[in-house]
Structure formats: C-alpha cells, structure tokens
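First comes the structure, then the notes that go with it.
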Amino acid sequence: MEMTLSPLRQALQEGDTLKLRKLLEETHPQDLLAVWDDLEGEHRYVVLTLLPKDRAAEVFANLPAEEQAEYLKTLPPWRVRELLEELSLDDLADALQAVEEEDPDLARRLKEALDPETRAEVEELTQYEEDEAGGLMTPEYVAVREGMTVEEVIRFLRRAAPDAETIYYIYVVDEAGRLKGVLSLRDLIVADPKTKVAEIMNPKVVFARTDTDQEEVARLMADYDFTVLPVVDEDGVLVGIVTVDDVLDVLEEEATEDIHRMAAVDVPDLVYSQ
Ligand code: ATP
Ligand code: MG
C-alpha cells in the first residue's frame, strides 16, 4: 500500500494537480483512509477537493465527526454541495448532526440548501437515537408490492437502482407500507418473468425495530448472516435498512469502549495488589 501511495505523496509535495487528479482516480477510498492521519492537514484538504465526488464522499463519510464539521466549514461551496448530494442519507444525517453541535448556524444553512425531499428525510432520521437501529438506518431501500410480476420489479429496479443503498434485497410491503416479505436479486433473476412476487418472496422476514439496540442489530446480522436488515416502526411499516458496513463501525466502536473500560477497571486492581 505504501508503494502505491508514495507517488501520491510525491504529487502532493509537488502540488502537481494534474498528476494528483489522475492518481486519486485510481486510489481506493479505504487506502486513503488508512494513511489519512499521516497526511498533512493541508494535503488532506487538497485530496478532498480533487477526488472524484463519489470517492470524496466515501472518504468523508468515514472521518470523525469533528473533522467532518471542519471540512463542511472550509471546503469550497461546490465541493460541499457535491458531498452532501453524494452521501447516503444516514451518513448525511450524521454529518449534519456533527456540524449542528459545532456551528448550528452553518448546519441550518446546509440543511436549507438541500432539496426539500432530502431535507425532510434527514430531519426524520435525526429524530432517532444514535445507538439504535433508527439511528443507523437509511431510507434508501427498494420496496415493491406482492402483486407485481418479476418483470415489473426488474423494470422498476432499473429506475430505482441509482438511488438505492443496495438492490440485492427487495422488500415487499402492503398498501400501508407494512413489511410482508423479502426476496434477493438472485431470486428475482432466476424466476420466470411472469411470476408474481407473492409466489417467490420469503414471508418470514427477520427485521429490527427503530428502537432495537445497535448491538442487537449486529447480533441479528451475524446470526442470520445477512448483510442488510430491514427496520420497521411500531406499526410494522418499513422505514429503513441497516447495512453491514454501519454495523461493523458499531462493533469497532464498542470493542474500543470495552477495552477502555477494562483498562479503567484493571489499573486500580494492579495498583492495590502491589
Ligand atoms: P443463497 O445464499 O441461497 O445462494 P442468494 O445469494 O440469492 O441466496 P442471500 O443473500 O444469500 O441470497 O439471501 C438468501 C435469502 O435470504 C434470500 O432469498 C432472501 O429471501 C433471504 N433474506 C434476505 N434478507 C432477509 C431477511 N431480512 N429476513 C429473512 N430472509 C431474508
Ligand atoms: Mg448467498
């Protein structure tokens, strides 16, 4: 990894914008995040400005809240706009909450610049507890009705895919939006095009509620081996999905907390036993 990134460091030193753009187009966001803390502040800023917007958003989404707030204050307005557009709604809501704490005025202005639909969805998401399924989920799921045929669903997917967090699972809802079933993209592709969704869906859906604790969400996903879990409200209405990437972040945080807690407990013991 060092080998692939040293040309990047060199281009950053030289301030060679053309070369930087080209290198950044070929660099995976994760590789940038791995060296992020070693980059000079000024260079991070350059990277976030020159990265293609989708990758900039990917890097940005994984930065600590205070750093996100800082960039939303300092990056060029066009880049801030692109970031806000590219972020998935759960990450967007988290970033805006981070700004809210540091600079409520800026948070208000950023929210006002969102299109009304996005703004409403973000407002909705920020109402949930951060450590519960509601605070982890995004409303960018794909849902269909059980009376639709496989070919109708595939046609619908073509339109819905660009804005969906994932299209590998398609959720089936009734007229009130209540979660009734699930099918995978594979189920869909292998079925006869005239088949009704009702015939191929799995009606025994494993789900979380908006107030399900994040550890429980992680456990459900691990036990059932799901990469995505649907989230319903108190009426059983599908309101979002939690994806495994967000759950992995949770597990990492909690492991760190546990280690700190253990350290805090163990140290006095050691001191006393001497
Ligand atoms: P397989 O693993 O059998 O090859 P696949 O690759 O098509 O299937 P998977 O992602 O493994 O798809 O999902 C298998 C099945 O799990 C899907 O058919 C789907 O109905 C079911 N499934 C997905 N999410 C849920 C859920 N939340 N609750 C219950 N079942 C689910
Ligand atoms: Mg599978």
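Small disclaimer: the values here were computed from a predicted structure and weren't measured. All ligand and atom numbering here is 1-based and tracks the order in the structure.
- Below 30°, between 30° and 60°, or above 60°: for Tyr224 and Phe226 the angle between ring planes is below 30°, a parallel geometry.
- Atom 1 (P) of ligand 1 has its nearest heavy-atom neighbour, among Arg186, Lys204, Met221, in Arg186.
- Ring geometry, Tyr71 versus Tyr45: the interplanar angle falls from 30° to 60°, so the pair is classed tilted.
- Listed for the Arg81 side chain is no donor-acceptor partner under 3.5 Å among the backbone atoms of Ala113.
- The pair Glu82-Arg79 meets the salt-bridge criterion, with a side-chain N (NZ, NE, NH1 or NH2) lying under 4.0 Å from an Asp/Glu carboxylate O.
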Give every donor-acceptor pair under 3.5 Å between a side-chain atom in residues 122-130 and any protein atom, sequence neighbours left out.
unit_1: Thr126; atom_1: OG1; unit_2: Val122; atom_2: O; d: 3.1
unit_1: Thr126; atom_1: OG1; unit_2: Glu123; atom_2: O; d: 2.8

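- Nearest heavy atoms, Gly181 versus Met201: CA-SD, 4.0 Å.
- Neither the backbone nor the side chain of Met201 has a heavy atom within less than 4.0 Å of ligand 1.
- Scanning Phe226, Tyr224, Phe207, Tyr171 for the heavy atom closest to atom 26 (C) of ligand 1 points to Phe226.
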List, one per line, each side-chain donor-acceptor pair under 3.5 Å for residues 230-241, sequence neighbours excluded.
unit_1: Asp233; atom_1: OD1; unit_2: Asp235; atom_2: N; d: 2.8
unit_1: Asp233; atom_1: OD1; unit_2: Gly236; atom_2: N; d: 3.2
unit_1: Asp233; atom_1: OD1; unit_2: Val237; atom_2: N; d: 3.0

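- Contact atoms of ligand 1 toward Val205: 27 (N), 28 (N), 29 (C) (distance under 4.0 Å to a heavy atom of the residue).
- For ligand 1, the atoms closer than 4.0 angstrom to any heavy atom of Val206 are 26 (C), 27 (N), 28 (N), 29 (C).
- Contacts between Tyr168 and ligand 1, counted as non-hydrogen atom pairs separated by less than 4.0 Å, are absent for every part of the residue.
- Residue contacts with ligand 1 for Tyr169 involve side-chain atoms from C-beta outward but no N, CA, C or O (heavy atoms, distance under 4.0 Å).
- Residue contacts with ligand 1, taken as heavy atom pairs separated by less than 4.0 Å, involve Asn202 solely via side-chain atoms from C-beta onward.
- Distances below 4.0 Å separate heavy atoms of Pro230 from the following atoms of ligand 1: 27 (N).
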